[in-house]
Number of protein chains: 2
Amino acid sequence: MERSAKQGIRAVAAEAGVSTASVSRALNNPDSVSAPLRARIARAVETVGYIPHAPARELSSRRSRTLGAIVPTIDNTMFARGIASLQKYLSSVGYMLFLTTSGYDLDAELEQARNLVSRGVDGLVLRGDCHHDGLRKMLADYSVPFINVGIYRPDRPYPCVGTDNEAAAHRAALHVIELGHRRIGIVSALQRNNDRASARVAGFRRAMAEHGIKMPPQWHVEVPYTLDDAREAARYLLGLKDRPTAVVCGNDVIAYGVLLEAERSGFSVPDDLSVVGFDDLDWSRHLRPSLTTIHVPTGDTWQRAGEYLVRHLAGEQTIMHHEVDYSLIVRESTASPTRSSK
Amino acid sequence: MERSAKQGIRAVAAEAGVSTASVSRALNNPDSVSAPLRARIARAVETVGYIPHAPARELSSRRSRTLGAIVPTIDNTMFARGIASLQKYLSSVGYMLFLTTSGYDLDAELEQARNLVSRGVDGLVLRGDCHHDGLRKMLADYSVPFINVGIYRPDRPYPCVGTDNEAAAHRAALHVIELGHRRIGIVSALQRNNDRASARVAGFRRAMAEHGIKMPPQWHVEVPYTLDDAREAARYLLGLKDRPTAVVCGNDVIAYGVLLEAERSGFSVPDDLSVVGFDDLDWSRHLRPSLTTIHVPTGDTWQRAGEYLVRHLAGEQTIMHHEVDYSLIVRESTASPTRSSK
DNA sequence: GGATTTCTTGTAAACGGTTACATACTAGGC
DNA sequence: GCCTAGTATGTAACCGTTTACAAGAAATCC
């Protein structure tokens, strides 16, 4: 027939001599179509070189098989690794990922979320539990499911998957306390709009309090997420007349900075200073001295977040709060303080 | 009126008492609508809490304001940085990015490209110039523009933006040659399906040939992109009875591995071994010894790729082949070989 | 002041799929 | 052999926008 469309599903239908409905069925729900028809349609798809038009499909089915993720920054090994895992998993189940960054700005995060909802994502992966007030309302209005990743807060009515940062930081602090340190400082990430950073500081403080250890306020420094900033913080800390013998760091990158700067300033790690990190990035075991740190299975965590949403969207039963284990990895950067000062 | 829609552009139209066409115009082309109407519609958008439905918009306008990018892996500082820049730029001009990974597999890349086309991307950012035969044909069939990033090949009829890897590697080799080295090895990335890696090897070989330097074949090792593999390669190279006094590396991560392993094996860098990297990642200047390497403005490069596509899609005049400058950064990891062996 | 142009807004037909519903056919049951 | 239930396929409405075209109003020209 002359009027048949040149492309799209109608072209396939014309080629196979069937209706568009059958083509659609053969593609989306193969069992609902007889074997011979299915084969004929498959052949037609091949000859026409048909690639389905996702937006059209979404418009009529109200499902995009696309998830959105908003991370503070992608330029950070840990997020990169998490996103990579999430993406790999999603790809394996036929989903795609829209990735955006907020730069630790809550307004920007809301803006991005709006953008993603506009884009028609089926679900959203968010970082932590610290969001703009309007965010959850907006997601509820448009009934877009979401999950907070990287934290474990079973007390919240929202799904999450991650480690208990407070407990893990407590463990890290306990490690240096048990080694005999009493003069302990902390270099944390910026706590503003970052519940993970805050939780870690809280865990650290709890450990200190439980052992009756007082810490001078100047031993707590907050830094952005870069090696340079961490080095500067270390320079400050090590330059104090009254300085700590151990430093617990909010993450591994900060710990690297402290390590590098200590060595640069002539301090030996761990003899003069013990350093503990958090995250266990690749470099931690390669560095010399290698870094004692809290291992967090980042890849797993993000993949689980994806699994949760995919299952939820498929209508399956899911558990809302999933705790991911952490573990303390003791390496060369921590030792008893008795070796040097007492 | 009772029959007016509860949501979508029709709700806004009803609220403002205008037609959907006017709402659409007010949103997409504000100038085409009178000021008072524009204001009334803006108010209606606000009260209704309207978020446009991108797939529907795309279906009718044939434009998605979305680009796709396919990288070998995101779990790699350099790509992460590039993607971050691209993403930031796109976001600033109202575009979004679909990010997928191919794992250095050409078939997977084609598959991902098909997926992205299906998703309706307006353009595609690809890595290098080594793709599946069917890829360019498919993109041509669906008239999806693309650009190769990270290479500079003005001889090709396809757009690209990046540095001349051959020339840059030549420069790196020249550096150690000029320092007086004659016993020079190379640890490159896997050349299979990686034209950048091959170009770098070629540049290195050209420099060697130009100076009449012969290299025993066992001094060329190829490794995947991980610290562990690079360390193993270094262990092998340094374990040879007849070993080089300088090693040129295919990228910084490989160089880090060589550096770490050399130190671990008791060799001093640069006294016993000079090491040159390529890319100038963050760690290069922080490491001790800091790494001599080729600096490549990765962020710029990727942003330019985005700019090219956005301009091209806007119908603006664009230059097809954009060369991005590299520069040799001399740091502590290279020195004249005379200090030790001669 | 009437004709012509320009500007503003509305009407309705796409865009490319999915899917509720209708229909034709097949196979059992008795 | 007729009725019923079930299966396979087709018909066409609909998803939420954009946009070509039409129409009405205002401005310009002579």
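All chains are named by letter (A, B, ...) in the order of the sequence lines, taking the proteins before the strands, and each is independently numbered beginning at 1. On a predicted model such as this, the values are computed, not experimentally measured, just so you know.
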Residues B:Asp129, B:Arg196; criterion salt bridge (charged side-chain N to carboxylate O under 4.0 Å, His left out); working and verdict = CA-CA 9 Å; B:Asp129 189 30; B:Arg196 295 187 342 127; over 6 Å; no

Worked verdict on A:Asp141 versus A:Lys137 for salt bridge (charged side-chain N to carboxylate O under 4.0 Å, His left out) = CA-CA 6 Å; A:Asp141 283 353; A:Lys137 180 181 168 3; 3.0 Å; yes

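Residue-level contact check: B:Ser24 touches the bases, meaning some heavy atom is under 4.0 Å from a base atom. The residue A:Val18 sits close only to the backbone: its heavy atoms come under 4.0 Å of sugar-phosphate atoms, none of a base.
Other residues, nucleotides and ligands contribute at most 12 non-hydrogen atoms within 6.0 Å of the CZ atom of B:Arg192.
For A:Ala21, the side-chain atoms get nearest to D:dT11 when compared with the rest of D:dT11, C:dT8, D:dT17. Here the nucleotide nearest the side chain of A:Ala56, chosen from D:dT17, C:dT18, C:dG16, is C:dG16. Here D:dT18 is the nucleotide among C:dG17, C:dG10, D:dT18 with the atom lying nearest to any side-chain atom of B:Asn28.
Between B:Ser19 and C:dG10 there is a side-chain polar atom (N or O) within less than 4.0 angstrom of OP1 or OP2. Remark: A:Tyr50 is not in phosphate contact with C:dG16, judged by side-chain N or O atoms under 4.0 Å from OP1 or OP2. The shortest distance between the side-chain N/O atoms of B:Ser22 and the OP1/OP2 oxygens of C:dG10 is below 4.0 Å. When the side-chain nitrogen and oxygen atoms of B:Arg62 are compared with OP1 and OP2 of C:dG16, one or more of them lie within a distance under 4.0 Å. Distances shorter than 4.0 Å separate none of the side-chain N or O atoms of B:Ser34 from OP1 or OP2 on C:dC7.
Rounded to an integer number of Å, the gap from B:Arg63 CZ to C:dC15 C1' is 16 Å.
Salt bridge status for B:Asp122 with B:Arg65: absent, with no side-chain N to carboxylate O gap under 4.0 Å.
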